[in-house]
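Note on naming: letters A, B, ... go to the chains in the order of the sequence lines (proteins, then strands), and numbering restarts at 1 for each one. Atom set for the values below is all heavy atoms of this structure, side chains included, hydrogens, waters and symmetry mates excluded.
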There are 2 protein chains.
Amino acid sequence: MPKETNRLRENGRTKAGFDEKDRMLLRLLAQDATRSYADMGAQIHLSPPAVHERVKRLKRDGYIRATVSLLDGEKIGRPLLSFIHVDTTGWGAKSPMRALSELEEVEEIHTVTGDTCVILKVRMPGTQALEDLLARIYRIEGVKGTRSYVALSTYLERGPT
Amino acid sequence: MPKETNRLRENGRTKAGFDEKDRMLLRLLAQDATRSYADMGAQIHLSPPAVHERVKRLKRDGYIRATVSLLDGEKIGRPLLSFIHVDTTGWGAKSPMRALSELEEVEEIHTVTGDTCVILKVRMPGTQALEDLLARIYRIEGVKGTRSYVALSTYLERGPT
DNA sequence: ATAAATACCGAATGAAATTCGGTGAAAACG
DNA sequence: CGTTTTCACCGAATTTCATTCGGTATTTAT
């Protein structure tokens with residue numbers, strides 16, 4: 001087993017766990033994960049196998065959580081994006097709230113600080129469906145009230161880069 | 001050139017522009033875009049070339065906007081997720097707001113209905129960086145005020161499926 | 001100083017994407 | 001209706017790419 005060391009690596013990977021090339025790779029993949037290793041490697045001055053090994057490590061170590069296709073909300077029949085603030089009495093409503101994960105219209109669930117307890121991001125087919133969802137939320141024990149913010153235009157929407 | 005017709009297709013693709021197999025493919029890709037066409041095809045009863053053609057069409061027609069890797073916010077040094085509501089006087093602040101797209105910490109910008117005008121989703125390295133961002137926002141002409149909601153826990157975070 | 005670990009490369013291999021006719025069924029047309 | 005066109009599919013062939021495999025140089029630990 002390797003012994004402890006108190007010295008930091010001089011070059012390459014530091015405390016963050018990745019070096020500059022890793023960082024650039026992550027950025028490239030976050031923008032477009034369909035490019036070939038050879039292609040990205042040329043941009044970053046690495047051979048395809050070298051890129052492959054780095055990406056494999058970045059996945060194994062959890063820097064890359066998943067690789068997915070981003071769908072167009074409107075095209076798939078859910079043009080109505082909104083954020084819903086949910087106020088609850090105490091934290092008892094947290095667990096039933098997680099059940100909303102089952103609904104595919106619900107994209108995000110966060111507990112937050114501030115003048116509300118939970119923020120939901122949802123994408124609905126229309127106002128009727130949104131109203132139904134709100135009804136369902138109010139049925140949850142401990143829900144005091146909600147405020148809804150319907151998106152008019154989306155100027156930017158992306159993941160961490 | 002084909003003449004007009006007033007009849008809908010009986011089976012297969014309808015007004016939505018995709019059929020059941022397309023829909024399933026989209027769901028699969030939104031969850032994991034690394035699977036092979038052969039693999040997904042087996043699940044959906046299609047040959048690899050058939051899957052390939054469908055995916056190509058779904059991309060061309062805009063159902064699939066992009067294929068990207070999702071990075072871990074904490075791992076890449078941005079553990080502080082928050083939503084910022086921005087109130088403005090009139091809509092003059094909209095354009096300068098779009099300039100925030102340049103900052104890679106800013107992930108979403110929406111104009112919304114409700115008791116605020118704009119909602120930002122941002123992921124910051126820490127509280128200091130968040131304060132700096134707020135200072136920058138307040139410097140924008142027409143910004144009346146902001147409210148910030150810092151995420152404590154994220155129970156769900158995904159794209160449209 | 002020496003041993004161990006790491007990151008890289010070029011070459012070889014394997015798997016997957018992509019291309020290419022060919023077929024059958026449905027839709028459009030007259 | 002019968003005919004033509006379009007469409008989605010398949011199996012086989014091809015090509016591109018991911019992946020594996022030594023081998024080397026550099027760095028890190030002992």
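- Contact annotation: A:Arg54 side-chain N/O to C:dC8 OP1/OP2 distance is under 4.0 Å.
- Looking at B:Lys75 and A:Asp61, no side-chain N of the basic residue comes within less than 4.0 Å of a carboxylate O on the acidic one, giving no salt bridge.
- With rounding to whole Å, A:Leu46 atom CG is found 14 Å from D:dA18 atom P.
- Taking atom NE2 of residue A:His45 and atom C1' of nucleotide C:dC9, one finds them 16 Å apart after rounding to whole Å.
- A donor-acceptor pair shorter than 3.5 Å can be found between the side chains of B:Thr67 and A:Ser69.
- Other members of the cluster containing B:Leu26 are A:Leu71, A:Ile76, B:Phe18, B:Met24, B:Leu25, B:Leu28, B:Leu29, B:Tyr37, B:Met40, B:Ile44, B:Leu46, B:Val51, B:Val55, B:Leu58, B:Tyr63, B:Ile64, with ILVMFWY side chains joined at under 4.5 Å, either directly or via other members.
- Counting side-chain heavy-atom gaps under 4.5 Å among Ile, Leu, Val, Met, Phe, Trp and Tyr, the cluster of B:Tyr138 also holds A:Tyr155, A:Leu156, B:Leu80, B:Ile84, B:Val86, B:Met97, B:Leu100, B:Leu103, B:Val106, B:Ile109, B:Val118, B:Leu120, B:Val122, B:Met124, B:Leu130, B:Leu133, B:Leu134, B:Ile137, B:Ile140, B:Val143, B:Val150.
- The shortest distance between side-chain heavy atoms of B:Pro160 and A:Glu107 falls below 4.5 Å.
- Near-neighbour residues of DNA chain D inside residues 24-41 of chain B, defined by a heavy atom below 4.0 Å, are absent.
- Between B:His85 and A:Tyr149, the two ring planes are perpendicular [angle over 60°; tilted spans 30° to 60°].
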Problem set entry | Protein-to-nucleotide contact annotation, 5' to 3' order, nucleotides 20-26 of chain D [B base; S sugar-phosphate only; - none; under 4.0 Å, heavy atom] | B------

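- Atom CZ of B:Arg57 is separated from atom P of D:dT6 by 17 Å (rounded to the nearest Å).
- The salt bridge (Lys or Arg N to Asp or Glu O under 4.0 Å) contacts involving residues 26-38 of chain B comprise A:Glu104-B:Arg27, B:Arg35-B:Asp39, where partners must be two or more places apart or lie in separate chains.
- Here A:Glu108 pairs with A:Lys121, B:Lys121 under the salt bridge (Lys or Arg N to Asp or Glu O under 4.0 Å) rule; sequence neighbours left out.
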